[in-house]
Amino acid sequence: MSRFGAAILGCAGLELTADEKALFREVRPFGFILFARNIKSADQVRALCDALRAAAGFDAPVFIDQEGGRVQRLRAPLAKEFRPPLEDVALGPRAFWLRARLIAHELRSMGIDGNCIPTLDVARDETHPILRNRCYGTDVETVVRHGRAVADGLFAGGVLPVMKHIPGHGLGTLDSHKDLPRVGAPRNVLDHTDFAAFRALNDLPLGMTAHLVFEEIDPQPATISEGMVKIIREEIGFDGLLMTDDISMEALSGTVRERGAAALAAGCDLVLHCNGAFDEMVSIWQRCGEMTPAAQTRAEAALAARRAPDDVDIAALEAEFDALTA
């Protein structure tokens with residue numbers, strides 16, 4: 001098998017342009033990601049997913065951020081509206097499994113087979129509002145129980161989970177879309193809290209990095225820190241496919257092309273680029289190129305983790321979830 005391009009890419013609109021098709025044929029990115037700008041109707045989304053895979057030349061995974069609450073790219077009437085996860089913490093793991101299984105059903109019906117959850121960041125009072133109510137709990141044990149339930153629910157529905165934001169964003173007090181958060185917590189605290197949540201789910205096939213600095217470990221953001229990626233691999237024990245958080249977020253300095261190259265040099269397997277800007281995607285491909293052999297092996301393992309949805313009564317699951325959340 002020829003190697004994948006070391007990227008997950010977006011596209012600009014509701015259908016592919018001729019230039020996008022040509023670029024995706026050349027790059028053969030590992031996967032794609034959709035946003036609200038790419039969504040109009042169920043038939044249109046299915047057609048777009050088909051076009052993305054045709055351009056890549058293989059059954060590429062198509063990802064989305066469908067968390068519930070504020071971060072939910074598919075909205076009613078195309079999809080069920082869910083509350084932010086933190087508001088449902090008291091309902092327990094079954095509710096988290098149900099919501100993930102229902103989300104997976106909706107995604108698969110439109111050709112989407114990857115979801116950038118579970119969110120394993122441990123919420124604190126000081127966690128920035130852009131993230132806090134997207135978390136699954138305020139202690140490690142709760143986050144792990146709910147995170148495992150979400151991953152299992154997605155798998156059962158034929159959707160690949162992507163755990164984020166490894167090694168933990170819960171102590172970030174700034175919005176990494178705009179600024180670079182810095183965490184001064186001691187290493188032993190991190191080992192037993194933020195890092196521990198990801199260690200408990202280190203068997204998942206895909207993970208997404210965090211754009212923040214752990215000051216006691218490395219002055220560089222985790223996404224571009226060789227030391228932090230080593231911790232992710234060796235101490236957290238994650239041997240799955242490691243993607244960056246969106247490389248166009250302003251927590252990172254330099255051009256998008258430079259950020260992507262720095263992430264791959266630090267040990268990330270591929271670059272996630274979300275905004276669909278064509279020139280930026282070209283520059284990432286020119287600088288980052290194909291996956292390394294090790295990254296390719298992890299990518300193939302992630303693809304092998306895909307499975308057909310279980311045969312379940314979706315209406316019954318939805319009724320159960322509605323009763324739990326009434």
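All of these numbers come straight from a predicted model, not from anything done at the bench. Start at 1 with the first residue, then count along the sequence. Heavy-atom basis, side chains included; hydrogens, waters and symmetry copies ignored.
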Note to self: When you measure from the side chain of N38 to the backbone of G13, do you find a donor-acceptor pair of N or O atoms at a distance under 3.5 Å?
What the structure shows: yes
Has the side chain of E258 got a donor or acceptor atom that lies under 3.5 Å from a matching backbone atom of T255? yes
* Asked: Going only through I, L, V, M, F, W and Y residues with side-chain contacts under 4.5 Å, is there a path from F278 to V27?
  -> yes
Review point. Is the closest side-chain heavy-atom distance between F155 and L204 below 4.5 Å?
Key: yes
Residue pairs passing the side chain to side chain donor-acceptor pair (under 3.5 Å) test with at least one member in residues 49-58, sequence neighbours excluded, are R53-D59, R53-D113
When every non-hydrogen atom of D239 is compared with those of R298, the smallest separation belongs to O-CD, 3.0 Å
Here the gap from M163 atom CE to L242 atom CG, rounded to the nearest 0.5 Å, amounts to 8.5 Å
Residues pairing under salt bridge (charged side-chain N to carboxylate O under 4.0 Å, His left out) where one sits in residues 240-254, two or more places apart or in two chains, turn out to be E250-R259
Applying side-chain hydrogen bond (donor to acceptor under 3.5 Å, both in side chains) to R233 and not counting sequence neighbours gives D269
The complete set of side chain to side chain donor-acceptor pair (under 3.5 Å) pairs with one or both residues in residues 95-106, sequence neighbours excluded, reads D88-R99
Distance col, row Q220:CD vs F214:CZ, nearest 0.5 angstrom, shows 14.0 Å
Fill in: Under 3.5 Å donor-acceptor, T127 side chain and G170 backbone
yes
Rounding to 0.5 Å, atoms SG (C49) and CD (Q44) come to a distance of 8.5 Å
Distance col, row L9:CG vs E280:CD, nearest 0.5 angstrom, shows 11.0 Å
- Check: G158 main-chain N/O paired with R306 side-chain donor or acceptor under 3.5 Å: no
Has E20 got a side-chain atom pairing as donor or acceptor with C11's backbone, closer than 3.5 angstrom?
no
- prompt: Do V150 and V71 belong to the same hydrophobic cluster, where Ile, Leu, Val, Met, Phe, Trp and Tyr are linked whenever their side-chain heavy atoms lie under 4.5 Å apart, directly or via other members?
  reply: no
The ring pair (Phe, Tyr, Trp, His ring centres under 6.0 Å) partners of F63 (sequence neighbours excluded) come to none
Nearest heavy-atom contact between L16 and A55 is CD1-CB, 4.3 Å
* Asked: Does I224 belong to the same Ile/Leu/Val/Met/Phe/Trp/Tyr cluster as V229, with side-chain heavy atoms less than 4.5 Å apart forming each link?
  -> no
Rounded to the nearest 0.5 Å, the CE atom of M110 sits from the OG atom of S41 at a distance of 9.0 Å
Worksheet item: So, does N202 use its side chain to make a donor-acceptor pair with the main chain of R199 at under 3.5 Å?
Response: yes
Value for CE (M281) from CG (L23), rounded to nearest 0.5 Å, stands at 6.0 Å
Between K80 and E318 the two heavy atoms that sit nearest each other are NZ-OE2, 3.4 Å
Paired with I39, the side chain to side chain contact (heavy atoms under 4.5 Å, CB included) test is passed by just one of I112, L78, L14, namely L78
Taking L86 as the starting point, is it possible to reach I130 by hopping between hydrophobic residues whose side chains are less than 4.5 Å apart?
no
- Say whether, by atom type as modelled, one donor and one acceptor occur between the side chain of R70 and the main chain of P84 under 3.5 angstrom. no
Given salt bridge (charged side-chain N to carboxylate O under 4.0 Å, His left out), test K164 with D65 step by step and report yes or no. CA-CA 11 Å; K164 63 186 183 187; D65 293 294; 3.2 Å; yes
With sequence neighbours left out, the residues meeting ring pair (Phe, Tyr, Trp, His ring centres under 6.0 Å) with F35 are none
Sorted by chain and number, sequence neighbours left out, side-chain hydrogen bond (donor to acceptor under 3.5 Å, both in side chains) with D203 holds for R148
Contacts of D311 meeting side-chain hydrogen bond (donor to acceptor under 3.5 Å, both in side chains) (sequence neighbours excluded), chain-then-number -> none
Could you tell me whether the side chain of R187 reaches within less than 4.5 Å of the side chain of F195, counting heavy atoms only?
yes
Is it the case that the side chain of R182 and the backbone of V213 share a donor-acceptor pair, with hydrogens and angles ignored and the cut-off at 3.5 Å?
no
Besides I247, the hydrophobic cluster formed by Ile, Leu, Val, Met, Phe, Trp and Tyr side chains linked at under 4.5 Å, directly or via other members, contains L252, V256, L264, V271, I284
Original post:
Quick one: does Q296's side chain have a donor or acceptor within less than 3.5 Å of a partner on F4's backbone?
Top reply: yes
Tightest non-hydrogen contact, residues G260 and C288, listed as C-SG, 3.7 Å
Residues passing the ring pair (Phe, Tyr, Trp, His ring centres under 6.0 Å) test with H165, sequence neighbours excluded, are H169
Of all heavy-atom pairs linking D179 and A251, the shortest is O-CB, 3.3 Å
Residue set satisfying ring pair (Phe, Tyr, Trp, His ring centres under 6.0 Å) with F96, at least two apart, ordered chain then number -> Y136, H146
Crowding at CD, E81 (>12 non-hydrogen neighbours, <6.0 Å):
yes
> Would you say P205 and L160 make side-chain contact, with heavy atoms under 4.5 Å?
Replying inline: yes
Check your understanding: Are any side-chain N or O atoms of Q66 and backbone N or O atoms of G114, one a donor and one an acceptor, separated by less than 3.5 Å?
Key -> no
On a heavy-atom basis, the closest approach of I232 and P167 is CD1-CD, 4.1 Å
Verify same cluster id: F238, I217 (apolar side-chain graph, 4.5 Å)
yes
By side chain to side chain contact (heavy atoms under 4.5 Å, CB included), D194 pairs with (sequence neighbours left out) R124, L171, L190
